[in-house]
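We count ligands from 1, going down the list as the structure has it; atoms in each ligand are counted the same way.
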Amino acid sequence: MGVFDHAEFDNHESLHYFHDDSTGLRAIVAVHSTALGPAAGGTRRWVYNSDADALTDVLRLARGMTYKNAVAGLKFGGGKAVILASDATPKSPELFRAFGRCVDSLGGRYVTAEDVGCSVDDMRYVREETKFVSGLPQIGADAGGDPSPWTALGCIQGIEAAVHARLGAESLQGIRVAVQGVGHVGLNLCRLLHAAGAELFVSDVNSDNLRMATDEMPATVLPPTEILFADVDVLAPCALGNVLTSLTIPKIRAKIVAGAANNQLSTPADGVRLAERDILYAPDYVINAGGIITVAGEYYGNSSEDDVRADVGRIKDRLKKIFEQAHETGRPTHELADELARSIVAAARQ
Ligand code: NAD
């Protein structure tokens with residue numbers, strides 16, 4: 001598979017393939033941009049159908065991190081890592097130590113943290129081999145620990161902004177929300193939505209995660225094939241990307257799409273399709289920046305939990321501005337967000 005002519009290649013600065021013989025680790029790190037600082041973005045551990053699928057994922061995710069970090073005002077460029085999971089290479093301290101050595105070999109051009117399939121505990125082993133890692137256990141009232149509650153906090157505040165902009169509602173009381181994926185972020189988001197009086201519809205392919213959510217709060221369970229098309233006000237994708245496509249968008253009944261998953265749009269044309277259907281889309285990398293905000297605070301070591309809470313609170317204001325601009329200009333929200341991100345990166349390059 002060629003890289004330079006790959007559909008997802010976007011002038012990424014560098015791409016790194018790693019293999020560790022003793023653990024069987026296979027990983028790819030993509031550094032999209034270091035214009036604003038070290039390329040930062042989490043590590044996804046996932047079973048990919050092929051190396052080509054892993055490459056596509058890491059290229060897309062790395063570019064998304066550049067945009068996310070830029071719009072969030074962080075001193076981070078964008079990068080991402082994927083670990084190609086398989087039965088032959090189970091999670092182990094040795095695997096994450098080996099991965100830590102890979103990250104360390106990049107000399108700080110890439111800073112990692114946890115993403116799908118990785119946890120705070122895994123990052124502790126990465127830390128044994130490199131200082132270029134964040135998302136470690138929290139110490140006192142400093143920023144740190146599992147980023148997903150912060151991602152969920154940014155998401156619910158973003159959902160509030162979207163519900164106000166699109167439905168004119170002042171609160172989430174009685175608002176019906178479909179959450180696809182009740183993992184780290186999805187479960188935390190459900191807790192916040194339930195506390196705010198929203199009516200929940202949930203789905204997950206992992207029955208343990210689903211049970212954890214439904215044991216804790218009232219929620220209607222929908223099959224994974226139906227959750228995207230639920231008759232709700234808000235669809236919150238919190239599983240994997242590529243859920244908003246030419247095939248799914250015509251069947252979506254929600255008036256708002258606002259969730260944590262990265263790369264929700266399959267292609268930019270899908271952002272246009274949503275706008276044409278008058279579905280208000282909260283650009284994924286704007287609404288889901290809560291996690292990287294705490295990761296940045298922890299990495300640079302100059303933030304308290306209160307600072308992180310205040311920074312995450314600004315996500316709502318950014319979204320409000322994008323929604324207002326979209327309303328005034330008739331342009332799709334993803335285009336406005338992309339334009340903003342690119343202008344911040346271009347200014348840093350100069
Ligand atoms: P996670 O692995 O803890 O949770 C994902 C959940 O989605 C799992 O329970 C999984 O079983 C479920 N799932 C997978 N495919 C599904 C499907 N087709 N239908 C229904 N459920 C499905 O991951 P997470 O950390 O909660 O992240 C969720 C999404 O948010 C990812 O796209 C991630 O990249 C993004 N994100 C996470 C953070 C964070 O702080 N963790 C920050 C920004 C973005």
Side-chain angles (χ1 to χ4, degrees), residues 40-48 57-58 60-65 67-69 71-72 74 76 78 80-83 85 91 112-123 134-135 143-156 158 178-192 201-214 219 221-230 235-245 248 258-265 282-298 308 312 315:
T43 297
R44 177 170 293 189
R45 183 177 173 275
W46 194 249
V47 178
Y48 290 98
D57 207 26
V58 79
R60 275 167 65 86
L61 288 165
R63 178 187 46 211
M65 288 310 301
Y67 287 12
K68 184 187 306 197
N69 295 335
V71 172
L74 303 175
F76 273 158
K80 199 85 181 181
V82 294
I83 293 178
K91 261 185 161 192
T112 199
E114 54 272 63
D115 186 48
V116 174
C118 298
S119 65
V120 173
D121 273 349
D122 301 330
M123 291 307 118
S134 196
D146 179 6
S148 53
W150 296 104
T151 307
L153 180 64
C155 272
I156 192 170
V179 180
Q180 181 195 37
V182 285
H184 286 96
V185 182
L187 179 61
N188 280 296
L189 179 61
C190 284
R191 288 178 178 139
L192 296 173
F201 296 77
V202 294
S203 183
D204 203 297
V205 291
N206 178 324
S207 53
D208 290 341
N209 287 359
L210 198 53
R211 201 170 317 112
M212 215 186 313
T214 52
V221 174
L222 293 177
T225 48
E226 287 177 24
I227 191 80
L228 294 177
F229 316 119
L235 169 62
C238 294
L240 296 179
N242 274 321
V243 286
L244 305 171
T245 72
T248 60
N262 282 309
N263 292 339
Q264 292 172 33
L265 298 173
D284 48 14
Y285 59 80
V286 183
I287 193 171
N288 73 12
I292 196 73
I293 288 171
T294 179
V295 161
E298 176 189 337
V308 171
V312 171
I315 292 173

(request) Indicate whether any N or O donor in one side chain lies under 3.5 Å from an N or O acceptor in the other, for Tyr48 and Asp57. (result) yes
(request) Using a strict 4.0 Å threshold on nitrogen-to-oxygen distance, state whether Lys80 and Asp115 make a salt bridge. (result) yes
Run the side-chain donor-acceptor check on residues 143-153: report pairs under 3.5 Å with partners two or more places apart or on a different chain.
residue : atom : partner : partner atom : Å
Asp146  : OD1  : Ser148  : N            : 3.0
Asp146  : OD1  : Ser148  : OG           : 2.8
Asp146  : OD2  : Ser148  : OG           : 2.9
Thr151  : OG1  : Pro147  : O            : 3.3
Thr151  : OG1  : Gly291  : N            : 3.1

(message) Within the structure provided, determine whether Thr248 and Val243 are in side-chain contact (heavy-atom separation under 4.5 Å).
(response) no
Inventory of protein N or O atoms under 3.5 Å from ligand 1 N or O:
residue  : atom   : partner : partner atom : Å
ligand 1 : 3 (O)  : His184  : N            : 2.9
ligand 1 : 3 (O)  : His184  : ND1          : 2.6
ligand 1 : 9 (O)  : Asp204  : OD1          : 3.3
ligand 1 : 9 (O)  : Asp204  : OD2          : 2.6
ligand 1 : 9 (O)  : Asn209  : ND2          : 2.7
ligand 1 : 11 (O) : Asp204  : OD1          : 2.6
ligand 1 : 26 (O) : His184  : N            : 3.1
ligand 1 : 26 (O) : Val185  : N            : 2.8
ligand 1 : 30 (O) : Ala260  : O            : 3.3
ligand 1 : 32 (O) : Ala239  : O            : 2.7
ligand 1 : 32 (O) : Asn262  : N            : 3.3
ligand 1 : 34 (O) : Arg44   : NH2          : 2.9
ligand 1 : 34 (O) : Asp115  : OD1          : 3.0
ligand 1 : 34 (O) : Asn262  : ND2          : 2.7
ligand 1 : 40 (O) : Thr151  : OG1          : 2.6

(message) Quick one, Leu187 and Asn209 - any side-chain contact, counting heavy atoms below 4.5 Å?
(response) no
(request) Could you give me the CA-CA distance, side-chain angles and deciding distance for Thr43 and Val82, then say whether side chain to side chain contact (heavy atoms under 4.5 Å, CB included) is met? (result) CA-CA 5 Å; Thr43 297; Val82 294; over 6 Å; no
